[in-house]
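Side-chain atoms are counted along with the backbone in the values below, which use heavy atoms only and exclude waters and symmetry mates. Computed from a predicted model, the values in this text were never measured in an experiment.
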Amino acid sequence: MSSSSPSLLSSRLPSPAATLFTKKPASLRSVSSATARHGVRLVVAAASAAAAAPVSAAQVRPSAAEVARTVVELAASGTLSVVGPDGWPLGVGARFVTDAAGAPALCLAAAGVAAPDAPSSFHVEFRQSGARTPQCTMLGALTKPSDMSVLKKLSTRWQKKFGEEIDQDLLYLISVDRILHMEDFNEDGMWVVPSEYTSAEPDPLRNFAENIVEEFNSKNAEDVHRIYNIYVESDLQVADVKIIWVDRLGFDFHVHSGEGVFAVRIPFSREVTDEKGVKSSFNMMSHHAWEVEKSYASPEFEKVQFLKKVR
């Protein structure tokens, strides 16, 4: 981003340390029983997965900065809050796109709302599979972009995202000083250093993650349950298991039982970057879980032992 860009993502605040919080697989039922009896593993490989680095134990989920970038990229609107001339706080909804650094560019037509350089906040959230709502709030000030190249790029992004032209006179950027990220409602917030937010990349699976989750839950429910049963160490009496999201490093599950709903993270063995890689990893995990379940193989992983109650 050029120095003339009005997107100023800087902060004097430190960032607190992040807290990490059965039948044969349906997708592989064409494998012969003779092959299964001899314990021969069917390896489904994707070129993208083969080139990816293994996921380390400390890197089982994306950083807060990466999740915040992903939320901002996926959301179509947010809530701008400012303090009006009369001293009353005012919140208005606004559609937005982002610039190259992830700063929101808002279309503001409401009279008296857009006050350049006035302290403001912009709250954005994105509901994942109807089950979890990661969100972030950006604190800073509204700025009026004047660089024509910046305006042109933002107008192009607006056209692509909303299928319409934007009145550039109504376009404002948020110059971000601080970013508060939350994993869901009722979760503790985490301050993200703006420079980390700027350098983070939105998750590469974001545009098709919801469709993949819906497909696995509806068409491969047995495999979803089997992966949970084999990869997670738990004595819960489970009523249902659903994948609620997928990203480049793994799956997030919600586990329903008589004791409530619990969240658990099952990481991939290798980072994935596309739809083919996700399906390949899911097939390999479900087949290995089936082999372990049938005692044809020993687990080649450490079981996940941390389940967090979410409701």
Side-chain angles (χ1 to χ4, degrees), residues 19-29 31 36 55 60-62 67 70-71 74 125-135 182-188 203 205-206 208-269 272 275 278-311:
T19 303
L20 292 179
F21 327 123
T22 38
K23 299 176 182 177
K24 193 174 187 179
S27 55
L28 298 172
R29 284 176 185 155
V31 180
V55 176
V60 297
R61 64 175 64 248
V67 175
T70 301
V71 168
L74 286 173
E125 59 187 46
F126 181 79
R127 192 159 175 78
Q128 296 176 337
S129 305
R132 183 176 63 184
T133 308
Q135 51 200 279
M182 296 175 63
E183 283 291 331
D184 200 358
F185 296 114
N186 301 320
E187 293 279 346
D188 290 335
D203 189 80
L205 311 185
R206 64 189 183 280
F208 55 83
E210 197 157 16
N211 290 337
I212 286 284
V213 168
E214 174 62 27
E215 178 182 337
F216 288 165
N217 284 330
S218 61
K219 298 181 180 180
N220 302 92
E222 290 181 73
D223 297 338
V224 170
H225 280 253
R226 182 179 292 107
I227 288 172
Y228 166 77
N229 289 337
I230 298 301
Y231 282 79
V232 178
E233 188 73 55
S234 172
D235 57 1
L236 284 176
Q237 296 297 314
V238 175
D240 196 15
V241 179
K242 297 286 188 184
I243 300 173
I244 64 164
W245 197 249
V246 60
D247 55 57
R248 65 186 179 88
L249 298 178
F251 290 113
D252 289 325
F253 287 69
H254 269 187
V255 183
H256 299 256
S257 77
E259 300 175 44
V261 180
F262 295 80
V264 64
R265 173 80 173 183
I266 300 182
F268 296 138
S269 60
V272 301
E275 186 172 357
V278 175
K279 292 184 175 181
S280 172
S281 293
F282 180 83
N283 287 341
M284 286 190 288
M285 292 168 71
S286 63
H287 185 67
H288 185 52
W290 176 78
E291 287 185 323
V292 173
E293 181 183 77
K294 299 298 183 182
S295 300
Y296 297 141
S298 300
E300 297 178 351
F301 50 83
E302 289 188 15
K303 287 197 172 189
V304 178
Q305 299 186 11
F306 177 65
L307 280 79
K308 179 176 65 175
K309 189 171 184 178
V310 292
R311 56 178 180 270

The reported gap from CE in M285 to OG in S280 (rounded to nearest 0.5 angstrom) is 11.5 Å

Non-hydrogen side-chain atoms of F282 and V224 separated by less than 4.5 Å = yes

Under the side-chain contact (heavy atoms from CB on, under 4.5 Å) test, residues paired with V292 that sit two or more places apart | I230, H288, P299

Can you tell me how far the CG atom of L307 sits from the CD atom of E259, to the nearest 0.5 Å?
-> 10.5 Å

Taking salt bridge (charged side-chain N to carboxylate O under 4.0 Å, His left out) as the test, write out the residues that go with E275, two or more places apart.
-> K279

How many angstroms lie between atom CD1 of I227 and atom CD1 of I266, to the nearest 0.5 angstrom?
-> 7.0 Å

Y231: what forms a ring pair (Phe, Tyr, Trp, His ring centres under 6.0 Å) with it, not counting sequence neighbours?
-> F301

Residues forming a side-chain hydrogen bond (donor to acceptor under 3.5 Å, both in side chains) with Q128, sequence neighbours excluded | R132

Taking all non-hydrogen atoms of both residues into account, name the closest pair between H254 and A131 and its distance.
-> CE1-O, 3.7 Å

Test item: L205 and I212 side chains (from C-beta on) under 4.5 Å apart, heavy atoms = no

Short side-chain to backbone donor-acceptor contact, D203 and R248, under 3.5 Å = yes

Please tell me if the side chains of P62 and V67 come closer than 4.5 Å, counting only heavy atoms from C-beta onward.
-> yes

Are side-chain heavy atoms of F251 and V278 found at a separation under 4.5 Å?
-> yes

Who are the side-chain contact (heavy atoms from CB on, under 4.5 Å) partners of Q237, not counting sequence neighbours?
-> none

Report the residues that fulfil salt bridge (charged side-chain N to carboxylate O under 4.0 Å, His left out) with E214, sequence neighbours left out, ordered by chain and then residue number.
-> none

R311, K308, K309 screened by salt bridge (charged side-chain N to carboxylate O under 4.0 Å, His left out) with E187, the one that passes | K308

What pairs with E125 under side-chain contact (heavy atoms from CB on, under 4.5 Å), at least two apart in sequence or on another chain?
-> H123, T133, Q135, F185

L236 side, atom CG; H256 side, atom NE2 - distance, nearest 0.5 Å = 12.0 Å

Mind checking what makes side-chain hydrogen bond (donor to acceptor under 3.5 Å, both in side chains) contact with N217, not counting sequence neighbours?
-> none

With sequence neighbours left out, what residues match S129 under side-chain contact (heavy atoms from CB on, under 4.5 Å)?
-> E210, V213, W245

Would you check if V304 and S234 make a side-chain contact, meaning some heavy-atom pair closer than 4.5 Å?
-> no

Give a yes or no on whether the ring-centroid distance for F253 and F262 is below 6.0 angstrom.
-> no

Pairs in or reaching into residues 238-247: which pass salt bridge (charged side-chain N to carboxylate O under 4.0 Å, His left out), with residues at least two apart or in two chains?
-> D247-R265

Output, in order, the C-alpha distance, side-chain angles, deciding distance and verdict of side chain to side chain contact (heavy atoms under 4.5 Å, CB included) for V264 and V255.
-> CA-CA 8 Å; V264 64; V255 183; 4.0 Å; yes

